[in-house]
There are 2 protein chains.
Amino acid sequence: MLTDRQLLILKVIVDEFVDTAQPIGSRNIAKKDQVGFSPATIRNEMADLEELGFLQKTHSSSGRMPSEKGYRFYVDHLMDPLKLTKDEIMRINKYFSHKMIELERVMENSANILSELTQYMTLVLGPEIFETKLKQVQIVPLTQHSAIAILVTDTGHVEHRSFVIPQGLDRSDLEKTVNILNEKLVGIPLVYLDRMIKKEVRGLIEKYTSDFSKAYQLLEEALLIDLPTNLYVSGKGNMLNQPEFNDIEKIKILFSMMESEEQIAPILKSKEEGTHIFIGRENKIEALNDLSLITSTYTIGEDQVGTIALLGPTRMDYAKAVAMLQLWSKQMSQSLKSWYDKN
Amino acid sequence: MLTDRQLLILKVIVDEFVDTAQPIGSRNIAKKDQVGFSPATIRNEMADLEELGFLQKTHSSSGRMPSEKGYRFYVDHLMDPLKLTKDEIMRINKYFSHKMIELERVMENSANILSELTQYMTLVLGPEIFETKLKQVQIVPLTQHSAIAILVTDTGHVEHRSFVIPQGLDRSDLEKTVNILNEKLVGIPLVYLDRMIKKEVRGLIEKYTSDFSKAYQLLEEALLIDLPTNLYVSGKGNMLNQPEFNDIEKIKILFSMMESEEQIAPILKSKEEGTHIFIGRENKIEALNDLSLITSTYTIGEDQVGTIALLGPTRMDYAKAVAMLQLWSKQMSQSLKSWYDKN
DNA sequence: CATTAGCACTCGAACAAAAAGAGTGCTAAC
DNA sequence: GTTAGCACTCTTTTTGTTCGAGTGCTAATG
C-alpha cells in the first residue's frame, strides 16, 4: 500500500510530465507548494515508487517519468475529475442544441470539434448500420444510357450509385422495377437488402418486367452497394504537434494505419459500455502500443449503438479527455433518444 | 550560348540529382560512359555553368546540384520525353476504358491512381460547376418534422441536405413546392439557382402555397446549398517519403495548407491550356516555393473545363510527371467528349 | 590550345574528448 | 524520520581532430 506522501509525489509527477513531456527531478517536485519535503526525501520516495513499478527513468541519472503502471494507477485513483472550462462546455452543448437530422454529419462534425478541443485524434464509430432501414429508393435517369440510383435511409443517409442502363431495357420496366423495390424494400434494414432482393424481389421482377435478366443485372449493379461508412477520423494533423511524434517514421506508421478503415474499426468495435482507458500496451493493436486510447460508448435508450474515442500519446491529459468524451456521449445519447422517440 | 559539352553535363547532373537527391561531383560525372572527359575538364565546365546560374553548391567544396534556372533550362531544352512503361500506360488506359458516369468518382479515382503511379501529390480540379445543370429535385420525408432534399445534376453529382419541416407547413404545400421547383429549375446551371429562386420561383410559391413565408424559408435552408466540391487531393502521405520532407515543420506547413480548399483552389484555377511546369519560386504561393507544380488542363471539345496537377519536390522526375499528366488529360478529354456528345 | 594531372585547399560529417548540467543514491548529521 | 552534503552517473553541448569528397588553380601534355 502506498503512503499518502507517495501518492502525492506520484500525482505531481504525472501531472507535471503530462504538461512538460520532460522527466521530472526531485528538486522540481520540492518546489511545488503542495509538497513540504526536501529533494532528498523525495528522492527516497521516488526510488521506492520506481521499485514498485510506478515510475521509470530514461537513464540512470535522469528524472523520473510515469510508467504505464503509473498512469494506470493515476487514472484509477489519483486523477482529479477535471472541470471543463465554460467555453468548452458551451462548445459541446451548443453543438447539440441544433436539431439533429442527418446522423452522418453529426458524426463527422463531432469528430472535428473534439479534435479541435482536445488536440488529440478523434475516432467516431457511428451507429451500427443493421439498425438503419431503407426509407426510399429512387432512380433518376441522367442520359439515354445512364441513370443514378439513390437510396435514402431512416437515419438521413443518402447513398447513390450510377449505372449504365442495359441496352434494350424498357423505360417502363425501369419504372416498374423501382415501384416494386419501394413496395417491397422500404423499411427493411440495409443489411438484409441483398437477401430480400434475392428472395422477394426477384420473383416479382420476373413476373412483371419484359426483360428479366437485364433488369435483375441492373439491380445487382446498382443496389447491392457497400454499406455506408460509419467511421470518422479527425485530427491526424494534431499529432504532428505532440513531441512524441518528432520522428517521421512514427508518423508514417500512424498515418498509413489511419488510412484504412479495416484497421481502425476493430479498435472501436465491441467496446464495453461506458468510458474506458487503454494505456500503451494495454491496447491490443501493436501500432498503438505507445499511445493511449480512451473510448466512450453512446446509447439509444438501453441499446449501445456506437463508440467515440480519443487517441493521443500515453502522456495525455486523461482527466480532460475523459471529461470531454463523457459530456459528448451524454449529449449524444440524449439527442439520439429524442430523435428516435420522434420517429 | 551553351556548348554541347555544357549541355551534356547539365543534363547528367539534373538526371543524377533527381535520382539520388545528393549533390553531384566531377568524378561521378566522369564515370558516366556518355561522358568522355576527365574530372578536371568537367570541373571547369561546372564552374562556368555555376557562374551562368544553372548550378549551385550547398557549400564551397560540395558537388553541384541544379538551380531553379537549371531545372527550367532542363525542362525547356534537355529533358528526354519519357516513355512510360507499358504497365503504367495500361493502368491509365484501363481506367478510362470503363464507362464514365459519375464525374466525381472519376476525379477522385484519378487523383488516387496518379498519386500511386508517380509517388507525388495529385490535385484535381473538377469541371467548373457553372457548366453543371440541375437534373432533378426530390424531397424525401424522414419523420414528421424532418426531410431530406436531394439535388441531382447532369454530371451525376448528388447533393443532399436535411432540413426541419417548418411547423404548420402543409404536406401538400411541400409537394407543390417540389413540383414548382422541378418545373422551373431543371436545366438551370447550379450557379444560377439562387438567382432563379429569388426571381422566378418566389412569385409562384407565393401564389400557390398557403403559407408562403414558411415554404420560402425552407427553400433557402434546403436548396441554397454550397456548390459541390470539385477539388480532390491525394497522396499527401507520399510526401513523407521524399527526403526533402525530413523536417517535421515543413510537413506541418504543407499538410495544414492542404486541408483548406480555399488555399488550394487558387493554385489550380485559371491555368493556361496545356501542360505547364512551375519550378520552386515560379509558384506564386509562398508555401510552394521549394516545390514544383505541373499542371495540365483537360477539355470538352474546345472548352477547357478543369485542371489536374502533380505537386512534388523541385527535384522531381519532370519527364515522367509530364508524360503521365498528358496521357491522363488526353484520355480524360476524350472520355468527357464522348460523354457529352451522348447527352 | 584545349585537355588533364597534380596538388593545395575547403568544408561537412563523423568521431572523440572535455566540460557543463541535471539528477541520483548514499551517508552522516540533525 | 528528515535532510544536507557530496560523490557519482549519464546526457547534452562544446570543442577539437581527422577523414573524405570535392573544388580551383597551375603547370604539364598531346
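Here the structure is a predicted model, which is why all the values come from computation and not from measurement.
Below the 3.5 angstrom threshold, one finds a donor paired with an acceptor across the side chain of B/Ser61 and the base of C/dT10. For D/dG5, its base sits under 3.5 Å from the side chain of A/Arg43 at one donor and acceptor pair at least.
The separation between B/His59 atom NE2 and D/dG22 atom P is 9 Å, rounded to whole Å. Spacing between atom CZ of A/Arg27 and atom P of C/dT24 amounts to 11 Å, rounded to whole angstrom units. C/dT3 atom C1' lies 12 Å from atom CD1 of B/Ile9, rounded to whole Å. The NZ atom of B/Lys57 sits 12 Å away from the P atom of C/dT10 (whole-angstrom rounding). Atom CD in B/Gln56 sits about 17 Å away from atom P in D/dG22, given to the nearest Å. For the pair A/Gln22 CD and C/dA22 P, the computed distance is 12 Å after rounding to whole Å. Rounded to whole Å, the distance from CG on B/Asn44 to P on D/dG22 is 17 Å.
Residue contacts for B/Thr41: at a heavy-atom cut-off of 4.0 Å it reaches a base atom on one of the strands shown.
A donor-acceptor contact closer than 3.5 angstrom links the side chains of B/Gln326 and B/Thr275.
With respect to A/Arg91 and A/Glu88, no salt bridge is recorded, no charged nitrogen being found less than 4.0 Å from a carboxylate O.
Nearest-nucleotide positions on DNA chain C place B/Phe37 closer to the 5' end than the other of B/Phe37 and A/Pro23.
Between the B/Tyr318 side chain and the B/Thr314 main chain, a donor and an acceptor come within less than 3.5 Å of each other.
A perpendicular orientation is assigned to the rings of B/Phe73 and B/Phe54, their planes being inclined by more than 60° (bins at 30° and 60°).
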